[in-house]
**Student:** 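Sharing a structure here in C-alpha cells format.
Residue numbers count from 1 along this sequence. Bear in mind that the values here come from a model prediction, so they are computed numbers and not experimental data.
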Amino acid sequence: MTRERRIFVQEPRAGAVLVTVLRVLATIVSGPMLLIGIAWVLQGLNILPGSFMTGQIIWAIYGAPLALVGAALVWWVNSVRR
C-alpha cells in the first residue's frame with residue numbers, strides 16, 4: 001500500500017492581496033510624481049528649457065516638495081517588509 005502525498009495550495013488572504021494592489025498603485029503614482037517634480041525644478045532653475053515654466057523660480061519651489069514626496073513614497077512603498 002502506497003501513501004499519497006497531498007499538496008495543499010494556500011489561497012492568499014484578502015488583506016495580502018489588498019496590500020499588494022495598494023503597493024503597485026502607490027508605485028505607479030509615486031514614479032511620475034518624482035519625475036515631474038524633478039522636471040519642474042530643472043525648468044524653474046532655467047536648466048531645462050523649452051516651456052513657459054523655464055526661468056520662473058516658482059516652479060522650482062513647487063517641484064521640490066513634489067519630487068521629495070515622490071522619492072519618499074517610492075522608497076517607503078518598496079522598502080516596507082512584506
**Student:** Of all heavy-atom pairs between L48 and T54, which one has the smallest distance, and what is that distance?
**Tutor:** O-OG1, 3.4 Å
**Student:** Using atom types as modelled and distance alone, determine if a side-chain donor or acceptor of R23 lies under 3.5 Å from a backbone N or O of N78.
**Tutor:** no
**Student:** How does the hydrophobic cluster around L18 look, that is, which other residues are in it when side-chain heavy atoms under 4.5 Å mark a link?
**Tutor:** L22
**Student:** Which atom pairs, one a donor and one an acceptor, fall under 3.5 Å between side chains of residues 64-71 and the rest of the protein, sequence neighbours left out?
**Tutor:**
none

**Student:** Going by the rule side-chain contact (heavy atoms from CB on, under 4.5 Å), which residues pair with T20 if we only count those two or more places apart in sequence or in a different chain?
**Tutor:** none
**Student:** Run the side-chain contact (heavy atoms from CB on, under 4.5 Å) test against M53 and tell me which residues pass, sequence neighbours left out.
**Tutor:** W40, Q43, S51, W59
**Student:** Hey, what else clusters with V24 if you join Ile, Leu, Val, Met, Phe, Trp, Tyr whenever side-chain heavy atoms sit under 4.5 Å?
**Tutor:** I28
**Student:** Checking L45 now: which residues fulfil side-chain contact (heavy atoms from CB on, under 4.5 Å) with it, not counting sequence neighbours?
**Tutor:** V41, I47, I57, A60
**Student:** Throw together a table of side-chain donor-acceptor distances under 3.5 angstrom for residues 30-37, partners on residues two or more places apart or in other chains.
**Tutor:**
from	atom 1	to	atom 2	distance (Å)
S30	OG	A26	O	2.8
S30	OG	T27	O	3.3

**Student:** Would you kindly confirm whether I58 and L42 end up in one hydrophobic cluster when ILVMFWY residues are joined by side chain heavy atoms under 4.5 Å apart?
**Tutor:** no
